[in-house]
Amino acid sequence: MADTEKLLILGSGPAALTAAIYAARADLNPLVFAGVSMGGQLMITSDVENFPGFAEPIPGPELMDRMRRQCDRLGVRIVAEYAAKAELSKPPFRLETTESTAASAQALIVATGAQARLLGLESESKLMGHGVSACATCDGFFFKGKEVAVVGGGDTAIEEATFLTKFASHVTLIHRRDQLRASAAMIERARRDPKISYIWNHVVADVLGQDSVTGLSLRHAQTGQAREFPCQGLFVAIGHSPATAFLAGQLRLDANGFIATDGRTRTSVPGVFAAGDVMDSRYRQAITAAGTGCMAALEAARYLSGHA
């Protein structure tokens, strides 16, 4: 590592690796702190059918392996350590990893992603990618003609349920309360859809099935009474947690903890840029993450050349 790098990139998903590819081609010699779990959310995605350039579905891990090999070909340095501390008051920006590796750089791209909040059930983890999903736009296509459930009560849950009606025979939204937290417009939109119904005051206690989802075990939130609900898919839509804790409030965040940017991936600190799901609470797609990674690298190059 140089005493002061030109550019540090944090993350290992499509945003971080795309940023690294563009930065390497701009002769910025980027250093990437990728953590030990390379690939981000795509590592738990079975088949990716909507990433341009692939006529056939490509497994998420294979797509990330190809991006990683492209980085290797361009000489990108990748360190399998997570950022733990950051000092972003002024450049050079300083970081320390979980392994106590210290580094500083004139510019920084944060692409640490966001993790879907899950129910925490062993069966949910076991059947992830086999009927359990946290992304309707990613996986809805695989549920054509099937009955599915969505758990959640906010805008995300309504968006997921509405999107799934394009494919599923019926969508049942399961919520632990007796009313939704979503906006009035979203609620009215779902209310008018004949393919969406509701189970109120229930939580998912278990996901049923061996090799694929066959149903859910539900528990009434007040009485504790159990019931089974047959379905072929479960979409968990209870929000996402952006990986921003290590920033310790040094960047401006939105109300949900995502890094706030100006539309050009620039954050509240000049020289610090954000890309991918850590700044995108709406789309959360591999292609949009890659796109913002490209933007962040180009903006960092402009910043470093004095033309920000």
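Note that the coordinates shown come from a computational prediction; the quantities given were computed from them, not determined experimentally. Computation of the quantities below employed the complete heavy-atom set of this structure, encompassing side-chain atoms and omitting hydrogens, waters and symmetry-equivalent molecules.
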K.L.:
Under 3.5 Å, is there a donor-acceptor pair linking the side chains of E87 and S89?
P.N.:
yes
K.L.:
List in chain and number order the residues that pass side chain to side chain donor-acceptor pair (under 3.5 Å) with T97, two or more places apart in sequence or in another chain; answer none if no residue qualifies.
P.N.:
E81
K.L.:
With sequence neighbours excluded, tell me which residues meet side chain to side chain contact (heavy atoms under 4.5 Å, CB included) with P91.
P.N.:
F93, Q106, Y303
K.L.:
Do any pairs count as a side chain to side chain donor-acceptor pair (under 3.5 Å) and have a residue in residues 248-260, sequence neighbours left out, and if so which ones?
P.N.:
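Not a single pair qualifies under side chain to side chain donor-acceptor pair (under 3.5 Å).
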K.L.:
Hey, can you pull the donor-acceptor pairs under 3.5 Å for the side chains in residues 170-177, sequence neighbours left out?
P.N.:
residue	atom	partner	partner atom	Å
H170	ND1	K195	O	3.2
H170	NE2	S197	OG	2.8
T172	OG1	S197	OG	3.4
H175	NE2	Q179	O	3.1

K.L.:
Hey, mind stepping through M67 and L63 against side-chain contact (heavy atoms from CB on, under 4.5 Å) and telling me if it holds?
P.N.:
CA-CA 6 Å; M67 290 188 187; L63 179 59; 4.2 Å; yes
K.L.:
For residues 286-296, which side-chain N or O atoms pair as donor and acceptor with protein atoms under 3.5 Å away, sequence neighbours left out?
P.N.:
residue	atom	partner	partner atom	Å
T288	OG1	Q285	N	3.2
T288	OG1	Q285	O	2.9
T292	OG1	G276	N	2.8
T292	OG1	T288	O	3.2
T292	OG1	A289	O	2.9

K.L.:
Does the side chain of T112 reach to within under 4.5 Å of the side chain of F246, using non-hydrogen atoms?
P.N.:
yes
K.L.:
What pairs meet the ring-ring contact (aromatic ring centres under 6.0 Å, His included) rule with one or both residues in residues 215-234, with sequence neighbours excluded?
P.N.:
H202-H220
K.L.:
Classify the angle between the aromatic ring planes of F51 and F54 as parallel (below 30°), tilted (30 to 60°) or perpendicular (above 60°).
P.N.:
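Geometry flag for F54 against F51: tilted rings.
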K.L.:
Could you tell me if the side chain of Q222 sits less than 4.5 Å from the side chain of N201, heavy atoms only?
P.N.:
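In short, these two side chains touch, coming nearer than 4.5 Å.
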K.L.:
By the disulfide (SG to SG under 2.5 Å) test, which pairs, at least two apart or in different chains, include something from residues 78-167?
P.N.:
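Of all non-adjacent pairs touching residues 78-167, those that pass disulfide (SG to SG under 2.5 Å) are C135-C138.
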K.L.:
P242 versus D277: any side-chain heavy-atom pair under 4.5 Å?
P.N.:
no
K.L.:
Please set out all donor-acceptor pairs under 3.5 angstrom arising from side-chain atoms of residues 142-159, sequence neighbours excluded.
P.N.:
residue	atom	partner	partner atom	Å
D155	OD1	S183	N	2.7
D155	OD1	S183	OG	3.4

K.L.:
With sequence neighbours left out, write down each residue that passes side chain to side chain contact (heavy atoms under 4.5 Å, CB included) with S217, or none if nothing qualifies.
P.N.:
A205, D206, L208
K.L.:
Kindly give the cluster partners of V203, where membership spreads through any ILVMFWY side chain lying under 4.5 Å from a current member.
P.N.:
none
K.L.:
Mind checking side chain to side chain contact (heavy atoms under 4.5 Å, CB included) for P230 and listing every partner two or more places apart, or none if nothing turns up?
P.N.:
none
K.L.:
Same hydrophobic cluster for F258 and L251, using side-chain heavy-atom links shorter than 4.5 Å among ILVMFWY?
P.N.:
no
K.L.:
Mind checking who shares a hydrophobic cluster with L298, ILVMFWY linked at side-chain heavy-atom distances under 4.5 Å?
P.N.:
Y22
